[in-house]
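See below for the structure under consideration.
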Amino acid sequence: MSTERIHVELVGITKRFGTFAAVNDVTLTVPEARFVTLLGPSGCGKTTTLRLVAGFYDVDEGEIRIDGRRVNDVPPDRRSTAMVFQDFALFPHMTVFENIAYGLRIRRFSQANVTRRVEGVAQLLGLQGTEGKSPHQLSGGQQQRVALARALVVEPEVLLLDEPLSNLDAKFRLRVRTEIRQLQQQLGKTTIYVTHDQEEALAISDTIAVMLDGRIVQVGSPFDVYYAPASRFVADFVGTSNFVEGRVIADRDTTRVDVGGITLTLGPRGLPAGARALLAVRPEAIHLMGPDESCEREVENYLGGVVNARSFMGSRVRYWIGAGGTEWMVDVHLAAPSRLLAGEVALRIPQERIHVLECQEK
Amino acid sequence: MLAVARAQVRDVRWLVREPALFAVLLAVAAFLLVFVLLPVIRVLAVPSVEHWMQYLQRGAFIKATRNSLLMAVLSTTSAMSVGFLYAYALVRADIPGKPLFRTVALLPLVSPPFVTGLATILLFGRRGLVTHRLLGLTFDPYGWHGLWFAQTLAFFPLAYLGVAGVLRSISPSLEMAAHNLGARRWAVFRTITVPLAAPGIASAALLVSILILADFGNPMVLGGSFYVLATEAYLQIIGRYNTEMAAALCTVLLVPALGFFLAQRYWLGRRAYVTVTGQPTGLEQRRLPPAVRWALFGGCLVVAMVVASIYLVIAVGAFTRIWGVDWSLTLGNFAYTLFRQRDLYNSVRFGLMAALLAAAVATVAAYLTQRKSFPGRGALDFLTLLPMVLPGTLVGIGFVLAFNQPPLELAGTATIIVMAMAIRTLPVGYRLAVVSLHQIEPSIEWASRNLGASSLRTFARIMLPLLKYAFVGGFIYTFVKSINTLSAVIFLVTPGKAVASASILGLAEQGYWGQATALAFSLIVVALLGLGLLRLVVGRRVQLFDL
């Protein structure tokens, strides 16, 4: 891990529009050939961060380094950070070929060289046959590929992708994101990707940086971000969670939390007694049992409850279960329609699936 | 075949079901046929072969044609250059004083078009403030050079508006994408900005050129012996009572105008560049280097100062006893124009009536063409927009020809003047209404119908309130343009029905500079009051003159 070369480095960068800090003291390192995603809700500063890396905005504070070199004052045309724009930004007065060739012509490549490279990248992205067309004659997916080809053909140091899938329809998006990931791995291209779609971020990234209000609130692998969210915001934004708050009860070497009437056992966690703890449990982590399923009442974190509502979602069913004074979301993979539950049920929450988000001593 | 016929029947079924709306449609169609198409047809029909032979043989006519073309080419080039500088500076450069620059560019658009000519004489004429008083020169501004100067100033704001619109429509992300791929500023300007703007700028240049080609006021005031087609046509009618020859000359003006109009309709119909961009990106243009920024600022400042001096001269002239002779201040000019003559009062009265009529017809026509299907919908759209390119001289002569005998004997009435005014600005009100309609989801109308309102009631209760800003915009625009218009109404005014713009011309021709400028000054004040009222009523919801 430690031998990885750091390719792009953001050191405490801040960007203000008027008095509003769109990006606020952001620090992030992007190792070479890695796929790093900036994930967050709209207005969190992720696109601004990307534009700062591309040089469209000047940073107010901090430093951006590419290959260890400070690039704060390098204009966008000298940065070698080709971007795929959200709206693709294809030049409408040029053909597909001319669009892709643009960066090469600016770099004064020979005509033969331009043709060879454009053909190469067109083949890589399955754009053969569209070269003579005008961008508006292409489908959204094709336009997206042209934008990607145009960025890749100049062999940038860093590839920047600004919500490149948001203008594609949902079904197509899944396929293209897999292709982008495969291409990135095949070319070993250092990539920074911006999205507000948590599922997309989980599927595509080596590292996710979750942003909120101009700051990075968590950096980690998709697994870290999903299973060990750093805050309630992350747990809620990435996937769905049940949140419960309670008081820590120290009980020999195991930690228990009293959440208003019921007590959840967490196993050995070493939390201080009397502290207030915020717990998160993913809906798919909870076991749901029908009244007929006999179960030892002595088992830990066993709660009797009632089905308040349920919703069939294709591959799974989501239940809202009232138990222990809280409403729990529980996802169950359904074997057969006859297994749909109603009325009285029971929940079991495995202790290792309970995540402690916050713990504050009184 | 049967399916097509059935679809057509289905399309027009509302005509039967909504007789009131059908009647409105017929009224609008009749209005357009009588007041737009008929005058044009009359002008085209009047000249005989003999007149056309005369046109081709008489040196004066050939010369007027050549002069018109020369003036159009020279003034379009200079007006577009100044307009581009102005637009690029105001849209792209971060320079101080933008609101002031915008306001200055507005003045020529809301004042009588020949004001720049009038001021040119006052500044550079035989008794001019600059030439005679300051420099002691005897300089003659009459002729092509003075006219060129005046037309450049009169038409650069239109060029500026056109170019500014084009520059704004270029998505910043396109230029950013080019930078991102390694292109420097100049390369981006050359390979992205200019090619993207070129079609729009060419279109703006063509529009400016046909308006200059057909312009009447400034050539009349400043041309001297430099006759152009519009002034030659005027002389044929006023001096020789040769309406047929005047109509022939107007027809010559109509050809390029109509050509442009048809080409533009075709062009827009199959637009070459569909912008491929999705939602607005919030990306801003890159800042220009200081040297470029300040050069642009300097250019704008010079232009703005020249324009400002023009209007300053008009204001000063209005309060001066006898320009060039007796520089003492007086209110006498206003006493004459405001109280002894009814011209200004007539202008305002006719302007208000024209404004109401034009705004109403434009709004209803827009609703019909955008939301209803009926045979001849394309023709209705065409006729509503056509006046945009009709030379004012042609409208004036056409009205004289079409309405001088029963059943439509309107000559000498206020009606004919109001109609001419209303026709000329119809396209702007129509466009405003069409744009507004595009922003109103059809489902709003369906909801009203669904709840039981008739088509007419839906229009009155739902659409009209939603279109009120477009209506007010069209109203004010027509008012401002109507009180200033000269070329069409000059053929229609009679002693009892004189309007200010025509009177200014008469006063200027006789050298009554004080009274001419006082009247022009009053018109400008009225126009600015009208625009102020617009801002007060609708705020920034309607954009007129890029304010």
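Being a predicted model, the structure only gives us computed values, none of them experimental. Excluded from the calculations below are hydrogen atoms, water molecules and symmetry mates; all remaining heavy atoms, backbone and side chain alike, are included. Just so it is clear: chains get the letters A, B, ... in the order the sequence lines come, proteins before strands, and each one is counted from 1.
For a residue to count as touching a neighbouring chain, one of its non-hydrogen atoms must lie under 4.5 Å from one of that chain's; by this rule B/Ala198 does not touch chain A. A/Pro156 does not touch chain B: none of its heavy atoms, backbone or side chain, sits under 4.5 Å away. Using a 4.5 Å cut-off between heavy atoms, A/Arg150 contacts chain B through both its backbone and its side chain.
With a 6.0 Å radius and a threshold of 12 heavy atoms from other residues, nucleotides or ligands, A/Asp213 has its CG atom at or below the threshold. More than 12 heavy atoms of other residues, nucleotides or ligands shown are found within 6.0 angstrom of CZ on A/Arg105.
Heavy-atom minimum distance, A/Ile106 versus B/Ala187: CD1-CB, 4.0 Å. Minimum interatomic distance between B/Gly182 and A/Arg78 (heavy atoms only, all atoms of both residues): O-NH2, 3.8 Å. Minimum heavy-atom separation, B/Ala183 to A/Asp77: O-CB, 3.1 Å.
A/Phe88 contributes atom CZ, which lies 13.0 Å from atom OG of B/Ser171 (distance to the nearest 0.5 angstrom). Taking OH from A/Tyr57 and CE from B/Met176, the interatomic distance works out to 7.5 Å, rounded to the nearest 0.5 Å.
Here the side chains of B/Thr191 and A/Tyr102 are in contact, with some heavy-atom distance below 4.5 Å. Within the 4.5 Å cutoff, the side chain of B/Asn180 has no heavy atoms near those of the A/Arg79 side chain. Between B/Leu174 and A/Phe85 there is no side-chain heavy-atom pair separated by less than 4.5 Å.
Within the 3.5 Å criterion, the main-chain N or O of B/Leu181 finds a donor-acceptor partner in the side chain of A/Arg107.
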Kindly indicate, with the supporting measurements, whether the criterion side chain to side chain contact (heavy atoms under 4.5 Å, CB included) is fulfilled by B/Ile192 and A/Met94. CA-CA 9 Å; B/Ile192 307 295; A/Met94 298 182 189; 3.8 Å; yes
